Amino acid sequence: MGGIHLLAGFDSFTLTWPYFFDQLVAGLTLGSLYALLALGYSMVYGILKLLNFAHGEVFMIGSYIGYFVLTALGGAASPDVPIVVLLLLMFAAGMLGSGLLGVAIERFAYRPLRSAPRIAPLISALGVSFFLQQLATLLFGSIPKQYNTFGLHNGSLFNRITLGNFQIQYMQLIVVVSAVVLMLALTQLVARTKVGRAMRATSFDLEAASMMGIDIDRVIMFTFFVGSALAGAGGVMNGLIFQNVNAYVGFNAGLKAFTAAVVGGIGSIKGAMFGGLTIGVAQAFATGYLSSAYQDVIVFALLVVILLMRPTGLFGTPALQKV
Amino acid sequence: MSALLELSGINTYYGQMHILQDVSLKIGEGELVSLLGGNASGKSTTLKTILGIVPARTGNVRFGGEDVTARRTSYRIGRGMAIVPENRRLFAPMTVLENLEMGAYLQGDGMKEGLERVYSLFPIVYERRQQLAGTLSGGEQQMVAMRRALMSRPKLLLMDEPSMGLAPILVERSFEIIQQVHASGVAMLVVEQNANMALSIADRGYVLSTGRLVLEGAAKELLAHEDLRKAYLGR
Amino acid sequence: MAAPLLELEGVSKAFGGLQVIDKLDLAVGEREIVSVIGPNGAGKTTVFNLITGVYRVDRGEIRLGGDNLVGLSPHRITRRGVARTFQTLRLFLNMSVKENVMAAAYGHTRAGVVRSILRTPGQRREEREIERLAEERLAFFGDRLMGYRWNQPAYSLSYANRRRLEIARATATSPRILLLDEPAAGMNPS
Amino acid sequence: MEAEAPGPQIGADEWVARSGERRQAGALGRARLWAERLPRPVLVAGAAAVVALVALVPVMTTDDYVLRVGVVSLIFALLALGLNVSVGFAGLLDLGYVAFYGFGAYGYAMLSSSKFGVHWALWESLPVILATSVLVGFLLALPSRRLVGDYLAIVTLFFGQIFYTIAVQGYRVPLIKIHGSHDITGGPNGIADVDDFHFFGVHLTTNKAYYWFSLAAVVLVFAALHFLNHSRTGRAWRAHRDDPLATQLMGMPVNWLKLLAIAVGASVGALAGTINAASLHGSFPDDYNTPVLITIYAMVILGGAGSLLGVVVGALTVNVLLEVLRTPDHARWILYIAILLALVAKVRPWRRLAAVLVATVAFGIALHAIVAAAWPRGVHGLVSISGTDFSKGGWLGWGLRHWLVLPGRTYEQGQYTWFNVALVALIGLVLALTMLRGWARWVVLVPTLWLAALVWETRLVEEGTGPTRFLLLGAILVVLMAARPQGLLGTQRVEIL
């Protein structure tokens with residue numbers, strides 16, 4: 001694409017159904033990534049009322065971990081293990097590593113500030129985000145690391161399945177399906193398990209939850225672990241699809257996911273998923289039909305419009321002022 | 001009498017504000033004690049200190065003979081404390097059943113039995129078990145909050161302002177239930193502004209004023225005490 | 001009798017299906033003191049929140065001196081002459097006692113950003129007037145809020161003095177009617 | 001009542017009376033209290049003397065580098081003052097602030113450069129830039145006016161990103177023409193050839209001139225904001241920071257106040273941008289991106305949000321520090337002195353301090369001896385780093401060489417790995433330090449200090465211009481929030497949560 005066609009750039013090619021479906025699929029793939037990432041923002045906000053600015057960087061580290069696992073197992077062109085095992089290992093390591101990183105961030109940057117003025121943890125989060133970005137630059141260098149997943153299985157993962165006008169790459173299918181599986185698992189975890197109940201109770205009323213004997217610190221830690229693990233999975237997916245990772249990939253993805261969480265109604269799990277897909281599809285269509293250079297501007301405009309209509313997002317409950 | 005709960009020389013701060021000053025109190029096994037005092041006298045803070053939600057800067061909290069001063073809230077509750085918080089604080093977006101389950105969070109196995117006990121005593125709670133707690137009326141919420149606290153079969157039940165936000169008729173109903181629970185052998189600490197009501201059912205009473213205990217004694221003596229009115233109304 | 005100063009007519013408010021206020025009628029005349037009594041949870045504070053515009057009225061009318069207040073934003077309602085205190089004390093804790101009161105005079109002062117930066121004579125006169133007004137309002141409570149306490153941050157005040165400061169602050173908005181939400185809670189009877 | 005009661009208590013009058021003293025505990029607090037008691041004329045005279053002293057810097061030095069650092073520091077002081085309006089006064093977390101800085105720079109670059117052949121004088125361009133930035137500030141705050149706290153942060157952060165996107169992509173803007181595009185911002189290369197400030201026949205051409213110009217701007221903005229802070233608007237902003245709802249119910253138009261705070265901050269930011277573009281003779285997108293935003297935040301937070309003097313001091317300190325960190329030898333001194341100061345401040349009694357220091361030295365020497373015996377190449381040391389010859393590094397360099405285990409300068413042979421392992425281990429140890437209690441903490445402190453020196457010497461020193469500075473900045477923000485959230489000169493705040 002590359003060129004600009006803001007307002008008037010359509011030609012016969014861009015106005016076909018296959019093109020439309022291509023954008024839609026790309027949007028849904030991107031949207032699943034954002035949704036995974038948005039869940040972390042939303043869950044943490046639900047419990048601590050904290051915007052965890054460092055969440056995007058957790059995603060970035062997860063992506064790096066995926067890269068290192070891939071490299072350690074021989075690289076994409078000639079992996080030492082079957083592809084399924086390779087992918088599973090990448091996901092497992094990325095999720096575990098990111099999860100632990102999230103727990104560490106909570107423990108050291110946010111827990112000491114539980115009772116501090118509202119602005120303090122936000123600044124601290126900004127500091128962590130910045131720290132991790134620069135740390136990654138120092139540790140892994142400023143040149144992007146290449147996943148080269150085109151090389152996997154002789155590139156057949158990027159072949160397309162065709163259903164009439166509808167086409168999807170195997171790799172996109174893998175990403176969307178694993179994102180859906182992870183999100184279903186999360187919904188079940190929150191709705192059905194004991195720890196899920198504790199999370200819901202804590203996010204509704206932290207003090208009352210502690211009065212029930214719930215160990216708040218552990219619930220928060222668990223929330224950070226789960227949210228960060230999802231971000232780690234997102235990071236690995238990002239690497240698989242976009243082929244590379246650099247220290248700044250988390251900032252931009254984080255910003256979009258953040259927007260997704262806000263659009264969906266921050267604190268709401270359903271909202272995060274929906275918001276992620278909305279932003280992903282919006283971005284893909286903005287790129288495909290309007291302008292790739294100004295896609296951020298368009299997503300921002302969308303955010304502003306939605307917030308103007310519904311200040312607490314699509315699924316958020318309007319906050320009642322307590323007097 | 002062996003004390004179930006014993007606070008000795010507790011000092012609690014919020015930031016630089018010194019809230020509880022040298023508070024010492026005891027609750028015996030199965031005893032019903034009222035803690036009285038006006039607004040901002042430190043009643044709720046006392047409860048939070050007992051539970052460990054607010055740490056005491058100096059002093060000791062002993063529960064069942066064990067020093068729990070450095071223990072977390074969850075540990076203390078696991079040892080047999082429970083609370084009906086001020087304004088009930090039910091988890092509004094969760095069902096009644098889930099709320100009750102939260103009350104037995106640390107119990108695990110005993111939960112089923114506890115639920116059956118509640119259902120048999122309060123059929124109405126059974127009927128409403130799938131309803132969201134936020135949609136209950138004030139009186140119903142109070143009932144659920146009490147039941148929630150009793151799910152863990154506590155040795156000591158703390159009650160923070162059970163009369164708050166309830167119509168007078170419901171207040172009386174609440175106090176009847178408090179007496180019932182007390183009769184079943186549970187020790188209770190009832191924090192109240194409504195001094196007459198609270199003392200009429202209590203064994204003993206303490207009066208807090210700006211963070212200090214200013215009066216203590218048997219409930220009957222306190223009721224007769226001429227300074228009570230003056231003392232608990234303000235400084 | 002002349003038309004009442006504040007008049008509520010058929011005011012209703014529900015929160016998620018729970019009818020908190022149902023067709024409430026209420027009238028307060030000039031120079032009249034009216035008490036709203038009820039147990040906790042009866043909706044007293046909600047009434048205040050409806051009058052001052054914190055909550056939007058579902059149905060009904062609220063009039064001050066004949067003008068409808070429904071739909072106005074809270075600061076406009078205050079400027080029309082409704083001032084209030086809060087049950088759960090909401091002072092500007094990190095501002096000095098005097099500044100708390102001075103801040104409330106915002107509604108009936110004019111100086112904008114540019115004039116404040118240039119410190120025009122008019123702006124300085126206005127500042128002196130606000131300061132005098134604040135001192136006068138604080139003096140209403142005897143020496144409890146006077147002297148060295150003027151420059152103390154509000155958070156350092158005792159509970160009772162915070163209540164007094166809230167009242168002083170509310171009166172600095174030049175109200176026609178003052179709504180006191182549980183003004184005696186936690187106060188000494190003497 | 002209860003006058004005989006020992007210790008402070010709520011409600012007692014003498015406790016209230018003494019609350020000022022407690023509020024200002026510590027050396028800084030005492031100095032502040034002392035300054036507050038000075039009569040007003042003395043304060044004004046003192047401030048004038050300080051300003052005069054700062055104004056004399058260009059007379060005392062002819063080093064253009066020093067002057068350039070001075071100009072940049074003053075520009076940052078302006079930026080910090082502007083950000084303080086929204087963050088410090090009104091309590092609004094404006095994360096799009098850096099865009100206004102950029103807006104001023106690009107605005108001036110477009111109005112006074114050969115880019116479009118427009119060469120306006122300062123008195124023509126500055127009013128236009130300021131007015132437009134106020135307008136843009138309003139526009140930004142408009143959708144966010146209904147948003148509380150965190151939502152505002154995200155919208156403004158996004159806004160900052162948008163500005164950057166437009167600056168970088170703005171060299172191919174499609175306007176009326178369907179195919180083809182216009183170059184507005186110069187894209188990644190920015191706009192060069194920007195004019196010097198010229199007004200009424202005066203041309204500012206030297207760094208000296210820009211130094212004085214910026215100093216004058218800082219003084220004027222400082223005074224203006226001081227007056228504003230003590231006006232009804234300033235009071236209303238501070239009231240909003242404490243309790244937005246009560247603010248509105250006391251008759252203050254909260255939404256308007258929010259717009260105003262963002263817009264006033266925006267105009268100060270744009271002024272700083274204008275000066276930056278003129279003094280650099282150019283406007284480049286990377287000067288107006290997130291790292292700069294974080295830097296400004298670090299300055300405001302470090303100095304103490306809400307305190308005008310604090311944020312200026314914070315800005316000067318941070319910028320000069322970051323500058324000094326560029327020179328490896330200075331950076332070295334700064335690190336070791338900072339570590340020493342922190343130890344002196346935190347480790348009591350002095351016997352323990354001495355023990356830690358001696359143990360650290362002994363630890364290093366012992367390790368050095370072991371490695372030297374087992375793997376001689378491991379102690380070759382860094383012979384030279386960017387021109388600094390380690391072997392001639394004076395006694396400090398010599399001492400370090402015989403204390404640290406530094407392999408020879410063999411980047412090709414994986415010294416990055418060596419450094420990476422050390423860095424990760426260091427971070428792990430520092431985190432462990434915060435969790436440990438008792439003797440274990442002092443034991444862990446020793447290898448931590450040694451490792452800190454090692455990491456510093458292996459790589460961080462020479463990365464002075466790169467990620468190191470920002471890495472430190474991020475860490476400082478986190479640590480400062482935990483240790484002293486009100487900043488160095490700010491007053492401690494009480495918030496009901």
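Every chain is numbered from 1 and lettered A, B, ... according to where its sequence line falls, protein lines coming before strand lines. Hydrogens, waters and symmetry mates play no part in the numbers below; they use all other heavy atoms, side chains included. Please read these numbers as outputs of a predicted model, since none were measured by experiment.
Most heavy-atom pairs under 4.5 Å with chain C, from the set D:P253, D:G234, D:A223: that is D:P253. In terms of non-hydrogen atom pairs under 4.5 Å with chain D, the most contact-rich of C:G53, C:A104, C:S73 is C:A104. Residue with the most contacts toward chain D among C:L118, C:V113, C:T109, C:I130: C:T109 (heavy-atom pairs, distance under 4.5 Å). Taking D:V264, D:D243, D:V254 one by one and counting their heavy-atom pairs under 4.5 Å with chain C, the maximum is reached by D:D243. Here D:R232 is the residue among D:R232, D:H240, D:M250 with the most heavy-atom pairs under 4.5 Å with chain C.
Using a 4.5 Å cut-off between heavy atoms, D:L220 does not touch chain C at all. Only the side chain of D:L260 comes within less than 4.5 Å of a heavy atom of chain C; its backbone N, CA, C and O stay farther away. Heavy-atom distances place no part of C:R80 under 4.5 Å from chain D, backbone and side chain included. For a residue to count as touching a neighbouring chain, one of its non-hydrogen atoms must lie under 4.5 Å from one of that chain's; by this rule C:T52 touches chain D with backbone and side chain alike. Heavy atoms closer than 4.5 Å to chain C are found in the side chain of D:W256, but not in its backbone.
Using a cutoff of 4.0 Å between basic side-chain nitrogens and carboxylate oxygens, C:R110 and C:E126 are not scored as salt-bridged. With respect to C:R124 and C:E127, no salt bridge is recorded, no charged nitrogen being found less than 4.0 Å from a carboxylate O.
Each of C:R31, C:E32, C:E30 was checked for a side-chain contact (heavy atoms from CB on, under 4.5 Å) with C:L5, and the lone residue meeting it is C:E30.
Classified by interplanar angle (parallel below 30°, tilted 30° to 60°, perpendicular above 60°), the ring pair C:Y55/C:F15 is perpendicular. Between D:F222 and D:H226, the two ring planes are parallel [angle under 30°; tilted spans 30° to 60°].
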Legend entry - CA sep, side-chain torsions, deciding dist, call: C:E135, C:R132, salt bridge (Lys or Arg N to Asp or Glu O under 4.0 Å): CA-CA 5 Å; C:E135 287 167 13; C:R132 202 181 42 73; over 6 Å; no

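The minimum heavy-atom distance linking D:G104 with D:I129 is given by the pair CA-CG2, 3.9 Å.
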